[in-house]
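Below, chains carry the letters A, B, ... as their sequence lines are ordered, and counting in each starts from 1. Fair warning: this is a prediction, and the values are worked out from it, not measured in the lab.
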There are 2 protein chains.
Amino acid sequence: MESSIKTDSKGRKKVLNACLEPCAIEKGMRLIGGKWKGSIIYHLKDGAVRFNDLSRMLGGATKKMVDQRLKELEQEGMVKRNVLSERPMAVSYELTEFGRTALQILDDLRQWSETHNIEIKS
Amino acid sequence: MESSIKTDSKGRKKVLNACLEPCAIEKGMRLIGGKWKGSIIYHLKDGAVRFNDLSRMLGGATKKMVDQRLKELEQEGMVKRNVLSERPMAVSYELTEFGRTALQILDDLRQWSETHNIEIKS
DNA sequence: TAATGTGGTATATTTTAGATACCTTGTAGG
DNA sequence: CCTACAAGGTATCTAAAATATACCACATTA
């Protein structure tokens, strides 16, 4: 939804179309923007990866976080969980077709992030 | 940094280059992916907007949130704060050159979000 | 036999978000 | 003049989320 602002005769402004619900940007962010979610999706770009490997790839994220985000992504239909074998336990996660549709945006983000050499405050 | 996985003779996999620090995707997300941040940037795309108008545009975000995010964005050099007049207080926020460089990604996200008709669970 | 790896869970603490009320200054309407 | 509301926030409190740490059962490796 497009918001627009009207300026009246005295230079005052009024919002005509406020977002009554989270708008598209915010909705999209809830899917790929949550903490670690983008990173998880991106690290699955080359194929299925096992749980512990994925956890190690994401420096800083705890296993609990990775687990939680993977469950969300599974529910949202972006990631598929494969049980490779029980006893010894082995599980891998891979992107679904829908999950793959997000890769372009994430790659653009990566490029943007790299070219602007972003610093993160502790 | 690129992580890679080595598969050994028994089909087991090992991570060779884990991300030691948050990788580019994660860094980028910290800039434009925080809650409401993407929305704020996107709603400034057509020019300077006043604080209360911006708050109203973002259905759901409290003024405290908007204020906090704007201060972060200002520190990160993506947004500029203009005092239009003291007494009566009037302030507007607009994107910097750097802030504008994020618009393409956000617009792609919006498009992706719209075409896939994302539902958000309460 | 001890160490390590698998895929997680449990618990507690810290950090962040969200709701609500309030502040000062100023203007508009009745 | 009085009330009401708008501006741009801040203060306080509660709820939710992230993080750290330890632990589990089982299996393989050294």
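- Cation-pi contact between Arg100(A) and Trp112(B): absent, since separation from the ring centre below 6.0 Å together with deviation from the ring axis within 45° is not met.
- Checking each of Ile40(A), Val79(A), Leu54(A), Ile41(A) against Arg69(A) for a side chain to side chain contact (heavy atoms under 4.5 Å, CB included) leaves exactly one that passes, namely Ile40(A).
- Rounded to whole angstrom, the span from the CD atom of Glu86(A) across to the P atom of dG8(C) amounts to 10 Å.
- Interatomic distance, CG of Asp67(A) versus CE of Met65(A), reported as 9.0 Å (0.5 Å rounding).
- Straight-line distance from the CZ atom of Phe51(A) to the P atom of dG7(C): 8 Å, rounded to whole Å.
- Not a single donor-acceptor pair under 3.5 Å links the side chain of Ser92(B) to the backbone N or O of Val49(B).
- A salt bridge links Asp53(B) to Arg56(B): one of the charged nitrogens lies within less than 4.0 Å of a carboxylate oxygen.
- The separation between Lys71(B) atom NZ and dG9(D) atom C1' is 7 Å, rounded to whole Å.
- Atom-to-atom distance recorded for Phe98(A):CZ and His116(B):NE2 is 5.5 Å, nearest 0.5 angstrom.
- The separation between Arg56(A) atom CZ and dG8(C) atom P is 14 Å, rounded to whole Å.
- Atom-to-atom, CG of Asp67(A) to C1' of dT9(C) comes out at 8 Å; the value is rounded to the nearest Å.
- Atom C1' of nucleotide dT10(D) and atom CG of Leu70(B) are separated by 15 Å, given to the nearest angstrom.
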**Asked** In B/S/- notation, 5' to 3', how is nucleotides 15-22 of chain C contacted by protein heavy atoms closer than 4.0 Å?
**Response** --SBB---
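- Taking the side chain to side chain contact (heavy atoms under 4.5 Å, CB included) definition, one finds that Asp107(B) meets it with Tyr42(B), Arg110(B), Gln111(B), sequence neighbours left out.
- Of the candidate nucleotides dT6(C), dA27(D), dG8(C), dA27(D) has the atom lying nearest to any side-chain atom of Arg87(A).
- One interatomic measurement links the two molecules: CG of Asp53(A) to P of dT4(C), which rounds to 18 Å at whole-angstrom precision.
- Considering only side-chain atoms of Pro88(A), the nucleotide from dA27(D), dG8(D), dT10(D) that sits closest is dA27(D).
- In terms of phosphate contacts, Asn52(A) brings a side-chain nitrogen or oxygen within less than 4.0 Å of OP1 or OP2 of dT6(C).
- OP1 or OP2 of dA7(D) has not a single side-chain nitrogen or oxygen of Arg50(B) nearer than 4.0 Å.
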